[in-house]
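None of these values were measured; they are calculated from a predicted model. Heavy-atom basis, side chains included; hydrogens, waters and symmetry copies ignored. Numbering of ligands and ligand atoms starts at 1, following listing order. Index from 1, following the sequence.
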Amino acid sequence: MNVALSPPKLFVRTVPLRDHTAGLVSRLPDETPLAWLTGDEGIVGWGEAARLDLGSEPEGTAPTDTTRFSEAARRLNGLREHAEIADEVGAAGTGLVAFGTFAFAPTSPGSALIVPRVLVGRRGGRSWLTTVSDEPGALPGGLPHTASAPRPVGPVTWTRGSLTGDAWMAAVADTVTRIRAGELEKAVLARDAFAEADSPIDVRTLLERLRLRFPSCFTFSVNGMVGATPELLLRREGDRLTSLVLAGTRPRGEDPDGDRRLADQLLASAKDVDEHRMAVDSLRTALAPLAEEMEVPRSPSLLQLANVQHLATRAHARLSPGVSALDAVAALHPTAAVGGTPTDTAMRLIAGAEGMDRGGYAGPVGWLDGAGNSEWGIALRCAHVDGARARLFAGGGIVAQSEPASELAETESKFRVMREALTDGS
Ligand SMILES: C=C(O[C@@H]1C=C(C(=O)O)C=C[C@H]1O)C(=O)O
C-alpha cells in the first residue's frame, strides 16, 4: 500500500459557465483527458491537482478484498478535509470532483483517483467550470482556449490477444464442464486484443466517436481506460441509488424483422434469463445490507445498442444513513455480470482461465464529488490506451448451456465498439 503523505491543501472554485455551445470533448487538451459523458452531457477534466494511486494487494489476497476502495475513501477524505471550496453552482459534479478507475482484481495494479486542475461540466441546461489550485488567489477565472483539434488515429495494426480464439474457446469448454459438474453456476470469461497505431492515439477522437455512436452509454476516459459502457454499477444522488444490470446478449439484426426475432429469442431464452437472474441476485444480495428500501423489477427488459442487445434490469434503492458511494462500490463489485456465481469460485476460475490480467477492465470507473454524488460504470466495451497502443477487452457470461463458438462471436460483437472507434472513417 502507498503510504499517504500529508495531503496537499487545494483551493477549489466552481463558477457557472455561460458558453453552452462548445462540445465538452472540444474543450479537452490531448494529454491524459478525463471524461464521463452521456451524449452531450457529463464532465471532462484535465491536469492533475491531486493523484491518489492505490496499491495492489499481494498474491493470495481474497479475490473479493475491498482494501483499494477503503484506501481510496480514506485518502479522498483527507483531501476534502484540507480543501477550501467555493462552489457557486452546487449540483452533482461541482466542487471537488475526483475521477476514478479501480482494477477488477485486488491484486492488479492501476487503481487511481485523479482530481483534475480544470473541469467543465454540463447537465440539464447548466454548464460549469471548476478550477483547482494550490494557492489562494491563483484561480484562473476562465477557460484556457488552447485545445487543439483531435487527430485521426491513422493506420492501425491488429494483433491477437493473450489467448488464441481456439485456446479461449477451450477455456470456455472447460468452464462449462466445471459448471456442469456443480463447481459453480456462472463465470464471465474475457479476452483481449491489441491495436498499434503509427503515432500516439488521440483519446479525444475515440471519445467523440464513442459518445456519438453510443449516446445512451457512459463514455469514459480515466487513467488510460477508455470506452463506452452501457452498464451502470451505481449512481448516487443524495440517498438515492440507481443501478443498471446487464447480462444476456444477442447481436443486432440486419433488418428490423431479423432484429425483432433476435430480441424475442433473447427475452424468451431460459439460458439468458437465468444468466441475467444471477447478476440481479448478486446486486440484490450486495445491496440489501446498505439499503433501507429496494425496488428491483421482477423480469428484465430489452436494451438495444448499436452493436448488441441486452437483457436489462434497472434497480433503485434508498441508502441507509452514512453509506457512501465508495461503500456501495466496494459492496457491489464484482457483480455476477462480470464475475460469476458464487463470486469467490468464479473469481478464482477467471484468474486461472483467461491467461491475462484484466487490469481495469470490468472494474468500476467513474467519478465522485464532495457532496457524495457519484456515478460508477463497469468498465466494459473499452481499451487501455497507452501511447500508440491500445489493449481491447471483451467477455461474456458462461453458464451450463453455453457454446464456445457463440461466446467467441459475442466477444467479437463487443470488441466492435473499440475496433470501430479506432478506425478512421468507419
Ligand atoms: C463482459 C461483458 O459484458 C457483460 C456480459 C454480458 C453477457 O454475458 O451477456 C452482458 C453485458 C455485460 O454485463 C463485456 O462487454 O465484456
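When only modelled atom types and interatomic distance are considered, Arg80 and Asn77 share a side-chain donor-acceptor pair under 3.5 Å. Side-chain contact of Asp327 with Ser324: a donor-acceptor pair under 3.5 Å is present, judged by distance alone. Inspection of the Asp166 and Thr164 side chains reveals no N or O donor paired with an N or O acceptor under 3.5 Å. For the residue pair Asn307 / Arg213, no side-chain donor-acceptor distance below 3.5 Å is found, with atom types taken as modelled.
The closest protein non-hydrogen atom to atom 4 (C) of ligand 1 is Ala337 O, 3.7 Å. Closest to atom 1 (C) of ligand 1 among all protein heavy atoms lies Tyr361 OH, 3.2 Å. Remark: minimum distance from atom 8 (O) of ligand 1 to any protein heavy atom is reached at Gly397 N, 2.7 Å. For atom 9 (O) of ligand 1, the nearest protein heavy atom (residue, atom name, distance) is Thr249 OG1, 2.5 Å. Ranking the protein heavy atoms by distance from atom 2 (C) of ligand 1 puts Gly395 O, 3.5 Å first.
A cation-pi arrangement is present between Arg419 and Phe415 under the rule of less than 6.0 angstrom and at most 45 degrees off the ring axis.
Ligand 1 places these atoms under 4.0 Å from at least one heavy atom of Gly396: 8 (O). Every atom of ligand 1 is numbered from 1 in the order shown, and the set under 4.0 Å from a heavy atom of Ala394 is 16 (O). Listed by number with element, the atoms of ligand 1 under 4.0 Å from a non-hydrogen atom of Glu231 are 11 (C), 12 (C), 13 (O).
Contacts between Leu380 and ligand 1 below 4.0 angstrom, taking non-hydrogen atoms only, involve the side chain exclusively.
At least one heavy atom of Ala247 sits less than 4.0 Å from an atom of ligand 1.
Looking at Glu407, Gln309, Arg381, Glu410, it is Arg381 that brings a heavy atom closest to atom 3 (O) of ligand 1. The option from Lys414, Glu275, His276, His310 that lies nearest to atom 6 (C) of ligand 1, judged by heavy atoms, is Lys414.
The neighbour count for Asp40 CG, taken as heavy atoms of other residues, nucleotides or ligands under 6.0 Å away, does not exceed 12. Annotation: Glu403, atom CD; neighbour count of heavy atoms from other residues, nucleotides and ligands within 6.0 Å does not exceed 12. Heavy-atom neighbours of Arg117 CZ from other residues, nucleotides or ligands within 6.0 Å: above the threshold of 12.
In terms of polar-atom proximity, defined here as any N/O pair under 3.5 Å, Leu246 does make such a contact with ligand 1.
Closest approach of Ala291 to Ala317, counting heavy atoms only: CB-CB, 4.0 Å.
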